[in-house]
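Every heavy atom of this structure was used, including side-chain atoms; hydrogens, water molecules and symmetry mates were not. Atoms within a ligand are numbered from 1 in the order they appear, just like the ligands themselves. Just so it is clear, the model here is predicted, and its values are computed rather than measured.
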Amino acid sequence: MRPIPYGRQDISEEDIQAVIEVLHSDWLTQGPAVEKFEQDFAGYCGAPYAVAVNSATSALHLACLALDLGPGDWLWTSPNTFVASANCARYCGANVDFVDIDPRTYNLSVTALEEKLRLAEKAGTLPKIVVPVHFSGQPCEMRAIKHLADRYNFRVIEDASHAVGACYLGSTVGNCRFSDVTVFSFHPVKILTTGEGGMVLTRDAELYQRLKQLRSHGVVRDSATLKRADQGAWYYEQHSLGYNFRITDIQCALGSSQLRRLQKMLARRRELAKRYDYMLTGLPLQTPWQSVDSTSAWHLYVVKMAPGINRRRIFDGMRSAGIGVNVHYIPVHTQPYYQSLGFKYGDFPEAEAYYAQAISLPIYSGLTEEDQDYVISNLHKLLT
Ligand SMILES: *Cc1c(COP(=O)(O)O)cnc(C)c1O
């Protein structure tokens, strides 16, 4: 039996054809497939503006730059995330702090956020940006977070790397109704892939212009935005210190093609999640709790072992059976790099307690029922 990974891309013949078409065309990068993917994705999410980039890490960095994050500023995020959600602040020379998680959703806790903001206001250390991460594909309580953003005057970047196609209060994540910016990842383990890739969405026209400029060296060519007289058709100006965060047309053609199949892929993930919920009842573990306000995109299906269960034994047992279980996430504040900045074990106890017992089971649209049954029966064997 072939090993079963925890996540895997889903590539169709149409996807392959779409990529080949670009290879035959005049544009491999900065061409029409990039704009098409941006429009397709923005349309799907219900946001007016989208900027495609080469990764979600770049997307987060770009969003922080466009929101003027810099030395002396604070960015707060969840400790239960991939390191990129925090690193984006460090790239800008800003400070990072974390907000402990809600033990039900494993998302950043709004209660903890509120409490921390109250204290920070007194200390004069309010954050400039808060990055809620829609962990596993389940959206954070964005309405409450937006409320706090208005009260304490911070900007919000949703890290929706797990949440392509998730819904919150009846609309698609990415519409930026409760945030300044939303970013997505198109890494192959995520829900929709471009190989590597990311997207930044916003409703703010000015922010959109800044994002586009910073994506490509801070260079502008549009004669309306030039500071000096246009010197000819070759002329361009650099207005800020931007980067090369561009994505290729090859990748974007794959993205647009994948997007056409997204509903089907999401439906399959939801089906698999429901099946896990049902087939794992009775075992000494917690299946993922779901809020009535949202529909998860099911990037991850995380089970939390009951207290007293040796997570390592279950994890190793599953791996020995050829099942690519994983653990999401090692709390970011416990990483040696963040400990070197002063964070300690014990700083965010809910995230640490969750981490000690969590296992991510395989979930992806190509996972067959037979493979899923194999995962489930091995888990039963190890736990009973
Ligand atoms: C995958 C991921 C990222 C980084 O995405 P890349 O596209 O690989 O740069 C950032 N945040 C979260 C929560 C992720 O899961």
Ala267: what forms a side-chain contact (heavy atoms from CB on, under 4.5 Å) with it, not counting sequence neighbours?
none
Is there any protein N/O under 3.5 Å from an N/O of ligand 1, and what does the full list of such pairs look like?
unit_1: ligand 1; atom_1: 5 (O); unit_2: Ser185; atom_2: OG; d: 3.3
unit_1: ligand 1; atom_1: 7 (O); unit_2: Ala56; atom_2: N; d: 2.9
unit_1: ligand 1; atom_1: 7 (O); unit_2: Ser185; atom_2: OG; d: 2.8
unit_1: ligand 1; atom_1: 9 (O); unit_2: Ala56; atom_2: N; d: 3.3
unit_1: ligand 1; atom_1: 9 (O); unit_2: Thr57; atom_2: N; d: 2.9
unit_1: ligand 1; atom_1: 9 (O); unit_2: Thr57; atom_2: OG1; d: 2.5
unit_1: ligand 1; atom_1: 11 (N); unit_2: Asp159; atom_2: OD2; d: 2.8
unit_1: ligand 1; atom_1: 11 (N); unit_2: Ser161; atom_2: OG; d: 3.4
unit_1: ligand 1; atom_1: 15 (O); unit_2: His162; atom_2: NE2; d: 2.7
unit_1: ligand 1; atom_1: 15 (O); unit_2: Lys190; atom_2: NZ; d: 3.0
unit_1: ligand 1; atom_1: 15 (O); unit_2: Tyr329; atom_2: OH; d: 3.2

Could Arg151 and Glu121 be called an ion pair, given the rule that one side-chain N must be under 4.0 Å from one carboxylate O?
yes
Just by distance, with hydrogens left out, do Gln209 and Tyr49 show a side-chain donor and acceptor under 3.5 Å apart?
no
Name the atoms and distances for all side-chain donor-acceptor pairs under 3.5 Å in residues 56-72, with sequence neighbours left out.
unit_1: Ser58; atom_1: OG; unit_2: Asn54; atom_2: OD1; d: 2.5
unit_1: Ser58; atom_1: OG; unit_2: Ser55; atom_2: OG; d: 3.2
unit_1: Asp68; atom_1: OD1; unit_2: Arg210; atom_2: NH2; d: 3.2

Return the set of residues passing salt bridge (charged side-chain N to carboxylate O under 4.0 Å, His left out) with Arg118 (not counting sequence neighbours), or none when no residue passes.
Glu115
If we ignore hydrogens and angles and just use 3.5 Å, is the side chain of Ser257 paired with the main-chain N or O of Leu254 as donor and acceptor?
no
